[in-house]
There are 2 protein chains.
Amino acid sequence: MELNERKTKILEAIIRNYLESGDPVGSRTLSRYLDIKLSPATIRNEMSDLEEMGYILQPHTSSGRIPSDKGYRFYVDSMMADREKEVSDMHEMVVEKAEELSGLLKQVAKLLADNTNYAALISSPQLHRNKLKFLQLSKVDDGNILAVIVVEGNIIKNKMIEVSEPMDDDTLLKLNLLLNTHLNGLSLEEINLGLITLIKERAGIHSDVIASVRDAVADAIRADEDLEIYTSGANNIFKYPELADNEKASSIISTFEEKNELGQLINESLSRDREKKNGEKTGIQVYIGNESPIESMKDCSVVTATYELGDNMKGMMSIIGPKRMDYEKVAHALKTLQEQLDVLYKK
Amino acid sequence: MELNERKTKILEAIIRNYLESGDPVGSRTLSRYLDIKLSPATIRNEMSDLEEMGYILQPHTSSGRIPSDKGYRFYVDSMMADREKEVSDMHEMVVEKAEELSGLLKQVAKLLADNTNYAALISSPQLHRNKLKFLQLSKVDDGNILAVIVVEGNIIKNKMIEVSEPMDDDTLLKLNLLLNTHLNGLSLEEINLGLITLIKERAGIHSDVIASVRDAVADAIRADEDLEIYTSGANNIFKYPELADNEKASSIISTFEEKNELGQLINESLSRDREKKNGEKTGIQVYIGNESPIESMKDCSVVTATYELGDNMKGMMSIIGPKRMDYEKVAHALKTLQEQLDVLYKK
DNA sequence: TATTAGCACTCAAATTAAACGAGTGCTAAC
DNA sequence: GTTAGCACTCGTTTAATTTGAGTGCTAATA
């Protein structure tokens, strides 16, 4: 079946309506709401089709329809394609330059949460150096091997690795080749996987050296140590009945308080952003329901945006709310702050 | 009416029972539960008295009784008097020395929350200097007055105050006397009040100088700048139906996230602790319901304990839960960690 | 062939009613 | 002073009923 123009219109009407009301929407309502004149019966037929195609679903027989994740996805994608609808009812959001970075970030998180009525978070900016560019092991003396590691952004790290027995030049050469072909261009997570296969292939060969190499690379890449996350408006989720029952609220709140799970979201979002650097440039990602990397947010939508402070510092901010959030407003809020942060720290 | 032994026993039985079950407790239940043999009818009479005295109350006519804030207060006070009941069902709580102080504090907060099943928080330790000890203004030259401020812990601060017109020695002497008699021994909050009366009395006299003095004193006293608060287990409140409804949960969660209101609690608790340094020495405070300095916690009980790291660093940790929390267990948990922190950083 | 009116049917949510039961206060007897 | 007895209260539970928004299907219509 094909998603023709009329079906598209109806689908959009369903979603728009549901975003506003939060109630399942039925054929009568749509008949009134649509600009094309169609009887409820006709719309019912179309809705039946749309349901079969997976865009909408019924909470129970004889109720109206609500968008499925697929439906939301369709909506968000087509919304993102239409450039810049103007969003009206939002206060001007103005970031004031703060003395402390932490103050600034707290401010941004609060602005986001207060203006959108969803939960918000922002990460401290991270040095942009997540991929391995080059790796060289050199024999310094019989007991020591020097590892030189270059990561994206041309940051160079040195690490001396002690070995129990000397390694001959030939082996070292091979090992260098092996490591470079396997690991170059990989991020930390991928390197762990890469090393596992590597060790499996060359089982037993200098596996202690390889472990040391991994540690050294991890040190060089990881900037996690100084990752701070500021949250605001977690209690906003209580405004949305579909998230406000104890079970769900508790797990969301807990994720917000623990913060370490949020780290995953940040990494995921930052690395996704890096990948499609060329194409779109807004750096806004939408995760709907199960698309989210965080388990406890499977009933939410998560909208993230990266921001840049000065030259090489990238961070992430995010809005978390119900699936039926006002995506336009949220995207707009994120973009606004993105730009402001950009300008604020431009020297 | 007097709270005789029998009434006391019945009151305690009511409270103990309610702490366990969370349900209003009636005369039949008590009759079975009590060791002295009394018929439900007799107990009803006593309960009626206890209600009149304000220790217990009825959620509605013809329901059992629950403790009032006054009842809880009685219970907690008498409990605190009995030294050290052993508490059984708690895992060993072991704090591991961490590299970073923040890591340590996060760990402690988590231990507290996980072991008690309530919400927990801990503040970073503050330098113990909250009261003004001595204040001296000296004329340096016609345009400048030097303020020397000594606060508790013998920390000395100097501040140069510019004056538009020179002040003669006599006035300065008077002002010194006035300031010292009014402000010595006061904490920051009290100083603000003290200054207001002072200014009222001596209206107009060098009020700009007085304002500068206040700022200088505030600078010297306030250590708030580096106050960090770590929380854990905020979601535990969902385990207690009396706190889990959206309204209450939302405001508690919000307080936990914003953190600045928690600062009040910390100051209040630290300064109370300082006052009764001599008498009790456990440093454990219990705030029941409205006794709490934080508005949003009026349906909770808050138990706080101070801890000392090394020589002059004092911090506060706290457990927040329903009024019917297990006070013994909580007090025990706090004491355990108090001791551990004490030992851990003893040089 | 696409659209629509009509109608029987479904089902969550709201409303009402009845039964239950834990608990009380009061009185009179022990 | 203590207790048994009893009528009464009132929140909770359960079931029955009503309501209403919405559906799918069929047959008539354009």
Side-chain donor-acceptor pairs under 3.5 Å in residues 41-51 of chain B, sequence neighbours left out?
{"residue": "Thr42(B)", "atom": "OG1", "partner": "Ser39(B)", "partner atom": "OG", "Å": "3.1"}
{"residue": "Arg44(B)", "atom": "NH1", "partner": "Ser27(B)", "partner atom": "OG", "Å": "3.2"}
{"residue": "Glu46(B)", "atom": "OE1", "partner": "Lys7(B)", "partner atom": "NZ", "Å": "3.0"}
{"residue": "Glu46(B)", "atom": "OE2", "partner": "Arg6(B)", "partner atom": "NE", "Å": "2.7"}
{"residue": "Glu46(B)", "atom": "OE2", "partner": "Arg6(B)", "partner atom": "NH2", "Å": "2.8"}
{"residue": "Asp49(B)", "atom": "OD2", "partner": "Lys7(B)", "partner atom": "NZ", "Å": "3.3"}
{"residue": "Glu51(B)", "atom": "OE1", "partner": "Arg65(B)", "partner atom": "NE", "Å": "2.9"}
{"residue": "Glu51(B)", "atom": "OE1", "partner": "Arg65(B)", "partner atom": "NH2", "Å": "2.8"}

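Under 4.0 Å is where a charged nitrogen must lie from a carboxylate oxygen, and between Asp69(B) and Arg73(B) no such pair does. Under a 4.0 Å N-O distance rule, the pair Glu20(A)/Arg16(A) does not qualify as a salt bridge.
The distance between atom CG of Leu57(A) and atom C1' of dT23(D), rounded to the nearest whole Å, is 15 Å. The nearest whole Å value for the distance from the CD1 atom in Ile14(A) to the C1' atom in dT23(D) is 14 Å. The CD atom of Glu51(A) sits 10 Å away from the C1' atom of dT23(D) (whole-angstrom rounding). Remark: C1' of dT24(C) and CD1 of Ile66(B) are 16 Å apart, rounded to the nearest angstrom.
Annotation for Arg28(B): atom CZ does not count as buried by contact number, only 12 or fewer foreign heavy atoms lying within 6.0 Å. Around the NZ atom of Lys110(B), the shell of radius 6.0 Å holds no more than 12 heavy atoms that belong to other residues, nucleotides or ligands.
Among the nucleotides dG24(D), dC11(C), dG22(D), the one closest to any side-chain atom of His60(A) is dC11(C).
In this structure, Glu257(B) contributes its side chain and Gly233(A) its backbone to a donor-acceptor pair below 3.5 Å.
Summarising the geometry of Ser68(A) relative to Gly54(A), their closest heavy-atom pair is OG-O, 2.6 Å, with the distance given to 0.1 Å. Of all the heavy atoms in Gly289(A) and Ser301(A), the pair that sits closest is N-OG, 4.2 Å.
Of the residues in residues 30-47 of chain B, those placing a heavy atom less than 4.0 Å from an atom of DNA chain C are Arg44(B), Met47(B), in numerical order. Within residues 17-27 of chain A, the residues that place at least one heavy atom under 4.0 Å from DNA chain D are, in residue-number order, Gly26(A), Ser27(A).
OP1 or OP2 of dT24(C) sits under 4.0 Å from a side-chain N or O of Arg65(B). Between dG24(D) and Thr61(A), no contact under 4.0 Å exists linking OP1 or OP2 to a side-chain N or O. Within the structure, every side-chain polar atom (N or O) of Arg28(A) is placed at least 4.0 Å from both OP1 and OP2 of dA5(C).
Between Phe74(B) and Tyr55(B), the ring-plane angle classifies as perpendicular under the 30° and 60° cut-offs.
Closest-nucleotide positions on DNA chain D for Ser62(A) and Arg6(B) were compared, and the one nearer the 5' end corresponds to Arg6(B).
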